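Written below as structure tokens is the structure these notes are about.
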Amino acid sequence: MPVTIGIPANVFTDPIGLLSDCHRRIDRFLRTLQIVTDEKRGGPLGAEYRQALQTALHYFRDAAPNHTADEEEDLFPALRGMERTDAPGVWSRIDRLEADHSQAEQWHRECEDIGSRWLRDDVLCLRDTARLGSVLSSLTKLYREHMEIEENDVFPWAQEVLSDADKAVIGRSMALRRGIAPG
């Protein structure tokens, strides 16, 4: 299961598109965690499942936090700074999205803890197996609703109201966050 986590430098010219693309990666790695959990049920992993679990945990530990920072440190402040009144409900949606980020972070820490034990011991106890399944189910529901709000409400509005210069600033910040020289 070859997996690429990095992002090419040229995509930072479309930061809203990149944020949307990140949703596909989040969904793919979350599905990977679910598949490993459902198919192995806490039992021995084997090489392919071990690699899949390690890669998905790595993504959520090291790469996904950049997506959250992209939104909370760049996109959302840029939108709030516009002080526009032509998008009723967007501000409350952004507040909810930030709360979702906080909840997702807690659940990802649990996944990391349980997944690390699984990788270390090659098996999970029944309690950890059940908890991992429960947390992944909760994350799936949260992300489904979260991404729907962003894809249908926030991102289209941002694409419309942010100037090219605003988007360039956001894109540069996103690139730098990942250690990529912009431009």
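Predicted model only: the values in this text are computed from it and were never measured. Just so it is clear, the values below take in all heavy atoms, side chains as well, and ignore hydrogens, waters and symmetry mates. Quick note: residue numbers are just sequence positions, from 1.
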Exercise. Can you name the closest pair of heavy atoms from C111 and L139 and give their distance?
Worked result: SG-CD1, 3.9 Å
For this session: May I ask you to check whether Y143 and H108 place their ring centers less than 6.0 Å from one another?
Result: yes
Problem set entry | Qualifying residues under side chain to side chain donor-acceptor pair (under 3.5 Å), relative to S102, sequence neighbours excluded | none
Problem set entry | Contacts of type side chain to side chain donor-acceptor pair (under 3.5 Å), residue D74, not counting sequence neighbours | S173, R177
Exercise. From I170 CD1 over to L162 CG, what is the distance, rounded to the nearest 0.5 angstrom?
Worked result: 5.0 Å
Exercise. Is there a chain of hydrophobic side chains (I, L, V, M, F, W, Y, each step under 4.5 Å between heavy atoms) that links L33 to I35?
Worked result: no
For this session: Give a yes or no answer on whether the side chain of D166 reaches the backbone of S163 with a donor-acceptor pair at less than 3.5 Å.
Result: yes
Problem set entry | Side-chain donor or acceptor of S137 paired with backbone N/O of G133 under 3.5 Å | no
Problem set entry | Non-hydrogen atoms of I26 and F60 that approach each other most closely | O-CZ, 3.5 Å
For this session: Check whether any side-chain heavy atom of L79 sits under 4.5 Å from a side-chain heavy atom of V154, and report yes or no.
Result: yes
For this session: For V36 and A52, work out which heavy atoms get closest and say how close.
Result: CG2-CB, 4.1 Å
Problem set entry | Donor-acceptor under 3.5 Å (R178 side chain, M174 main chain) | yes
Problem set entry | E71 side chain to H67 side chain, donor-acceptor N/O pair below 3.5 angstrom | yes
Seminar exercise, completed: Taken to the nearest 0.5 Å, the spacing of E110 CD from R131 CZ works out to 4.0 Å
Seminar exercise, completed: ring pair (Phe, Tyr, Trp, His ring centres under 6.0 Å) pairs touching residues 112-131, sequence neighbours excluded, are none
Seminar exercise, completed: Rounded to the nearest 0.5 angstrom, the CG-CG distance for D113 and L57 is 10.0 Å
For this session: Kindly compute the distance separating CG (D27) from CD (Q34), expressed to the nearest 0.5 Å.
Result: 8.5 Å
For this session: Any chance you could measure E112, atom CD, to L119, atom CG, to the nearest 0.5 Å?
Result: 8.5 Å
For this session: Return the minimal non-hydrogen interatomic distance between F76 and L97, and the atom names on each side.
Result: CZ-CD1, 3.8 Å
Seminar exercise, completed: Between A158 and I16 the two heavy atoms that sit nearest each other are CB-CD1, 4.0 Å
Exercise. Can you pull the side chain to side chain donor-acceptor pair (under 3.5 Å) pairs that have at least one residue in residues 37-47, sequence neighbours excluded?
Worked result: E39-Y49
Seminar exercise, completed: Residue set satisfying ring-ring contact (aromatic ring centres under 6.0 Å, His included) with H146, at least two apart, ordered chain then number -> H101
Problem set entry | Contact check, side chains of Q159 and K167, non-hydrogen atoms, under 4.5 Å | yes
Problem set entry | Carboxylate-amine/guanidinium contact R144 E148, below 4.0 Å | no
Problem set entry | By salt bridge (charged side-chain N to carboxylate O under 4.0 Å, His left out) - contacts of R120 (at least two apart) | none
Exercise. Can you get from I149 to I94 by hopping between Ile, Leu, Val, Met, Phe, Trp and Tyr side chains that sit under 4.5 Å apart?
Worked result: yes
Problem set entry | Inter-residue atom distance R93.CZ - W157.CH2, 0.5 Å rounding | 11.5 Å
